[in-house]
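Structure, as structure tokens:
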2 protein chains.
Amino acid sequence: MSTSVNKRENILQSALAFFAERGFDATTIPMIANDAKVGAGTIYRYFENKEVLVNTLFQHYVELFTNTLVEEYPSDHSLRDQFHHLFQGMVRFTNEHEHALYFIKTHNAAYFLDETSRKQFEKLLAILRNFLDQGREEEKIRDLPSTALIAIIFGGFLELHKLIRAGEIEASEELLEGVEESCWDAVRTHK
Amino acid sequence: MSTSVNKRENILQSALAFFAERGFDATTIPMIANDAKVGAGTIYRYFENKEVLVNTLFQHYVELFTNTLVEEYPSDHSLRDQFHHLFQGMVRFTNEHEHALYFIKTHNAAYFLDETSRKQFEKLLAILRNFLDQGREEEKIRDLPSTALIAIIFGGFLELHKLIRAGEIEASEELLEGVEESCWDAVRTHK
DNA sequence: TATTTCGGAATGAATATTCATTCCGTTTTT
DNA sequence: AAAAACGGAATGAATATTCATTCCGAAATA
């Protein structure tokens, strides 16, 4: 069976999990190879080197996440609805790609990211900034640096996600709604 | 003279900066030695190995931060005042120890932390949890996992701090107040 | 006081280890 | 039976750690 597509995919999946859990520098190629059930050399058939591997991964998931947020974006609904859409996007994306968002969050300023990766990430930020700026104009969003507000949103959400994965907490609908509300209250103006 | 206390201190300072900026795995002993203006071997006169060095650093600053939060804690004031005290503690601590809080935040779940470090960190969390739990009883704090709320607070604050250090933003009194208010709104109940 | 001896702190070259990357014999695919 | 894909041992570079030696200030000796 031409597993070649599968192997590439396996390598990417294993790498993603390790990078998310231990970070780029602490994960070794043999670790990834072993987990992907592939020879160490095989990784180099698919990726020129370790940095190309991370960058590939990073760009792939940032793009995927960006698309998730943009898809069916309710531009003509209320700001609160738009926020809900974005938040739901995070939830959906995290459900479909367990480690991806955490990986992105922990590596978005890393020294080994190349131009393309940085630009890709900028595009993602632009979407969120765009939303916040629009809201600020309407005086519905606090007058604070977008990056800080974005950090609050991702920080809270990802921490929650960690707890859920660790089994310390159950991912009830109610809980997610609570976190969404909390993030929204952090971001919006209060009359 | 090159008192041993000074050397040890220099090593710790250099290590802190590198660990905060690049992470544990990406910083090498020679980097630290060079920055501390000390022979590589000297580091091993003070610390058994690289892991002992991080753990020492981690424990030291977590303890220091914990003390900052606890000192003059206004137990009998309003919850809002208590929050203000904690937030101010973060600000003060960050002003006094530029890299420390960021280092703590990015390394608190690292694989190389020993028992003592983990326990030390737990103590810090306990203080924050304590505050949140008390508030929850009074129904002044949201019914959400403390860890998630804590993540929101630190996430927002540290992101802000990064922007300030990067010179992208000025650390006005007003800005800090805004972030404090945002974090508080994320955490409290809204009648 | 001047000189010598001594202890241990500091050093950085040498060594041991870890890891990314390469290479080549084997297996699988066509 | 080629050709392509693999696996995993081999390689070399980068890094943590060690250790023989130097250095320096403080006693001991004169």
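Letters go in sequence order (proteins before strands), and every chain restarts at 1.
- Under a cut-off of 6.0 angstrom, the local environment of CD in Glu139(B) is sparse, with at most 12 non-hydrogen atoms contributed by other residues, nucleotides or ligands.
- With no hydrogens or angles considered, a side-chain donor-acceptor pair links Glu21(B) and His99(B) at under 3.5 Å.
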Sugar-phosphate means primed atoms, P, OP1 and OP2; the rest is base. With that split, encode nucleotides 12-19 of chain D 5' to 3' as B, S or - using protein heavy atoms under 4.0 Å.
---SSBB-

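- Rounded to whole Å, atom P of dT21(C) lies 13 Å from atom CZ of Phe47(A).
- In this structure a side-chain-to-backbone donor-acceptor pair under 3.5 Å is missing from His107(A) to Gly23(A).
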Run the ring-ring contact (aromatic ring centres under 6.0 Å, His included) check on His84(B) and His77(B) step by step: do they pass?
CA-CA 11 Å; His84(B) 179 71; His77(B) 286 49; over 10 Å; no

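- Distance, Leu53(A) CG to dT21(C) C1': 13 Å, rounded to whole Å.
- The nearest heavy atom of DNA chain C to Lys37(B) and to Ala26(A) marks one nucleotide each, and the one closer to the 5' end goes with Lys37(B).
- Annotation for Thr27(B) and Phe18(B): closest pair CG2-O, 3.4 Å, computed over non-hydrogen atoms.
- Taking CE from Met90(A) and CZ from Phe154(A), the interatomic distance works out to 5.5 Å, rounded to the nearest 0.5 Å.
- Fit an axis to the five pairs at each end of the helix from dT1(C)-dA30(D) to dT30(C)-dA1(D) and the two axes sit 10° apart, to the nearest 10 degrees.
- Going from atom CD1 of Ile43(B) over to atom P of dA10(C) covers 12 Å, rounded to whole Å.
- In this structure, Arg8(A) and Thr56(A) have side chains that are in contact, with non-hydrogen atoms separated by less than 4.5 Å.
- Atom CZ in Arg8(B) sits roughly 12 Å away from atom P in dA10(C) (whole-Å rounding).
- Rounded to whole angstrom, the span from the CG atom of Asn10(A) across to the C1' atom of dG7(D) amounts to 15 Å.
- Here dG7(D) presents its P atom at 10 Å from CZ of Arg45(A), a figure rounded to the nearest Å.
- Side chain of Ser182(A) to backbone of Val187(B): no donor-acceptor contact under 3.5 angstrom is found.
- Looking at residues two or more places apart in sequence or on another chain, you find no ring pair (Phe, Tyr, Trp, His ring centres under 6.0 Å) involving Phe131(B).
- Rounded to an integer number of Å, the gap from Lys7(A) NZ to dT27(C) P is 14 Å.
- Atom-to-atom, CD1 of Ile11(A) to P of dA5(D) comes out at 13 Å; the value is rounded to the nearest Å.
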